[in-house]
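Presented below is the structure to which this report refers.
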Amino acid sequence: MPSSFRLALAHHAGNLAGKVSRATGRGRGETLQGRVVLAVDSGALTKLSAGRDIVLVSGTNGKTTTAANLARILQDGTEEFVSTSKYGANMRAGIAAVLSTKPRQRLVVLECDELYLPEMYRQLQPKVVVLLNLSRDQLHRTGEVRKVAQLWKDTFTRDDVTLVIDRDDPFLEYAASAAGHVLRVSFGGRRHPDAATCPACARLIDWSAGDYRCECGLGSELAQVRGDQRLQGPGRNAVLAIEAARLMGAVVPIEVQQELTANAPDRTAEYTFGSHFVLVRLAKNPESWRGALGSVTCDEVILSVNARGIDGRDTSWLWDIDYSPLIGRRVICTGERRLDVAYRLHVQGAEVAVADTFDNAIALCSSPRVEAIASYTAYQDLAARDMGISTTIGRD
Ligand SMILES: [Zn+2]
C-alpha cells in the first residue's frame with residue numbers, strides 16, 4: 001500500500017472513530033481517534049508533522065494552561081489558525097488525533113507528557129520546545145527528576161530546534177546543555193527545592209548568592225530574557241509562552257502580555273457552602289502544594305487529600321512539603337488521607353482538626369471566607385457536585 005494512501009486511510013478511519021465515540025457518548029473521541037490513526041498507519045506521527053511548524057510544551061506543572069495560552073496568542077499574533085488539543089491530550093494517541101484532524105494547518109501547539117517528550121521530539125521534529133519546570137511529581141507518574149532531566153539531555157541534541165526554558169531550574173539547564181539553540185528566561189530569587197546537588201556532576205550546588213552555580217559550570221550561561229521576580233509559577237509559564245510565540249513569528253501586544261502574566265490563574269474554583277465562601281486550589285505534587293500554600297491568606301484552611309486513581313496511592317511526597325505557611329492558622333484535614341496529613345502537620349507544629357467529609361470540615365469553620373487545597377480527585381469530587389456558583393479557572 002503506498003504510504004500516502006495508508007495515511008489518508010488512517011486519517012479517515014480516525015475521524016470516523018472519533019465521531020462514533022462522541023456520538024455514542026463514549027468520551028471526547030480524541031484518544032480513540034488517535035489510536036485508530038496509529039493502528040492503521042504506525043508512521044502517522046512523522047508523516048503528519050512533515051512540513052508543519054510545531055511547538056511542544058512540557059514540564060511538571062502548567063502544561064495544559066500554557067499550551068492553551070500559547071495556542072491563543074500564536075493564533076491572534078499570526079492571524080493563522082493553530083491546531084491544538086482542546087482537552088490537554090498529551091500522549092501519543094491524543095497528539096496523533098490533533099495532528100490528523102486538520103492535517104494541512106501549518107501551526108501546531110502540543111502539550112507533551114514528560115516521559116513521551118523524547119519520542120515526540122524525534123518523530124514530530126518540532127521547531128520550538130518549551131520546558132516549563134521539572135520537579136518531583138507523584139511517584140507513580142514520572143519518577144525521579146534526575147532521570148527525566150537526563151533523558152531530556154540525551155534527546156535535545158539537534159541544532160534546528162530552539163528550547164525555551166526557565167533557566168532558574170537547574171534540571172532544565174542541564175536538560176538543555178547539549179542543545180544547539182536555547183532561549184533562557186530568568187526570574188531570579190528562587191531556590192529549586194529538589195536541587196541541592198548538581199544534576200550534571202552531583203557536587204553540592206552553591207545557592208548562596210540568590211542563584212545557583214556549580215563548579216562544573218552549570219548555571220554559568222546567562223539568560224537572554226529577564227522576567228519579573230514576583231511572578232508565581234503560572235505567571236512564569238506565561239512569560240515562556242510569550243517568548244515561544246515570538247519565536248514562531250507572532251506579535252504579542254504589550255496589553256496581552258500584561259493580561260497573561262498578571263492574571264495567570266492557578267487551577268482554582270470558588271464555591272459557596274451555606275454562609276461560607278470557599279476558594280479551592282488544586283495541588284497535585286510538592287511544587288504545586290508549595291505554590292498553593294504560599295497563596296493562603298485565610299485564617300481557616302481545609303486540606304482535602306485522597307489517594308485514589310490519578311492521585312496516586314503513594315503519598316509519601318506529602319512529607320517533602322514545608323507547611324510553615326499554615327502555622328498560626330486553623331487547619332482542618334479531610335479526604336481519605338486526612339490522618340496522614342494531620343499527623344504530618346502535627347509534626348510541624350500546626351493546629352489541626354480532622355473531619356470525615358468536606359461538608360463536616362466546612363461545618364467546623366467559623367469565618368465566612370475559607371480556603372481549601374485539594375488533591376486531584378478531591379477537587380474533581382467538589383466540581384462534580386454542581387453547587388451552582390462555581391467558577392473553574394484554568395486547567396493544568
Ligand atoms: Zn555540577
Side-chain angles (χ1 to χ4, degrees), residues 56-63 112-119 121-122 128-139 141-227 229 231-233 236-237 239-240 243-244 285-291 316-317 319-322:
L56 297 178
V57 178
S58 196
T60 311
N61 288 316
K63 293 185 280 287
C112 189
D113 177 85
E114 297 93 293
L115 292 178
Y116 279 88
L117 187 61
E119 184 193 338
Y121 178 91
R122 289 188 192 100
V128 170
V129 179
V130 185
L131 303 178
L132 303 174
N133 46 61
L134 207 44
S135 65
R136 269 191 77 190
D137 205 341
Q138 294 170 26
L139 298 178
R141 213 177 286 149
T142 42
E144 174 55 33
V145 180
R146 276 155 211 276
K147 206 177 98 191
V148 179
Q150 185 64 48
L151 197 65
W152 284 6
K153 177 184 175 281
D154 296 342
T155 303
F156 303 136
T157 53
R158 294 208 327 256
D159 282 338
D160 55 348
V161 186
T162 303
L163 304 186
V164 180
I165 69 166
D166 179 348
R167 164 271 156 221
D168 302 337
D169 185 326
F171 295 107
L172 298 186
E173 186 61 37
Y174 177 63
S177 56
H181 298 283
V182 185
L183 178 67
R184 293 178 169 84
V185 183
S186 175
F187 302 90
R190 278 182 298 142
R191 181 180 175 147
H192 195 298
D194 302 326
T197 58
C198 176
C201 70
R203 286 191 187 93
L204 273 176
I205 289 184
D206 177 8
W207 287 91
S208 59
D211 188 11
Y212 67 92
R213 187 62 80 89
C214 180
E215 278 177 44
C216 73
L218 193 87
S220 58
E221 295 280 349
L222 294 176
Q224 297 97 318
V225 177
R226 299 291 305 186
Q229 190 176 326
L231 288 173
Q232 298 293 308
R236 294 195 297 266
N237 291 346
V239 173
L240 298 186
E243 292 305 323
N285 51 36
E287 189 56 31
S288 54
W289 267 86
R290 281 181 207 108
S316 56
W317 52 271
W319 284 82
D320 293 346
I321 302 163
D322 176 9

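In listed order, ligands and their atoms are each counted from 1.
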Legend entry - pair W152-L134: side-chain heavy atoms closer than 4.5 Å: yes
Inset, instruction - To the nearest 0.5 Å, tell me how far L56 CG sits from K63 NZ. - result: 12.5 Å
Legend entry - Listed protein N/O/S atoms, distance to the Zn ion (ligand 1) under 2.8 Å: C198 SG, C201 SG, C214 SG, C216 SG
Tell me which donor-acceptor pairs under 3.5 Å the side chains of residues 210-218 have, and how far apart each pair is, sequence neighbours excluded?
from : atom 1 : to   : atom 2 : distance (Å)
D211 : OD1    : R167 : NH1    : 3.0
D211 : OD2    : R167 : NH2    : 3.4
Y212 : OH     : R167 : O      : 2.6

Legend entry - Pair D206-S208, side-chain hydrogen bond (donor to acceptor under 3.5 Å, both in side chains): steps then yes or no: CA-CA 6 Å; D206 177 8; S208 59; 2.6 Å; yes
Legend entry - Short N-O contact, D166 and R190, less than 4.0 angstrom: yes
Inset, instruction - Measure the spacing between CG of L163 and CG of L240 and express it to the nearest 0.5 Å. - result: 11.5 Å
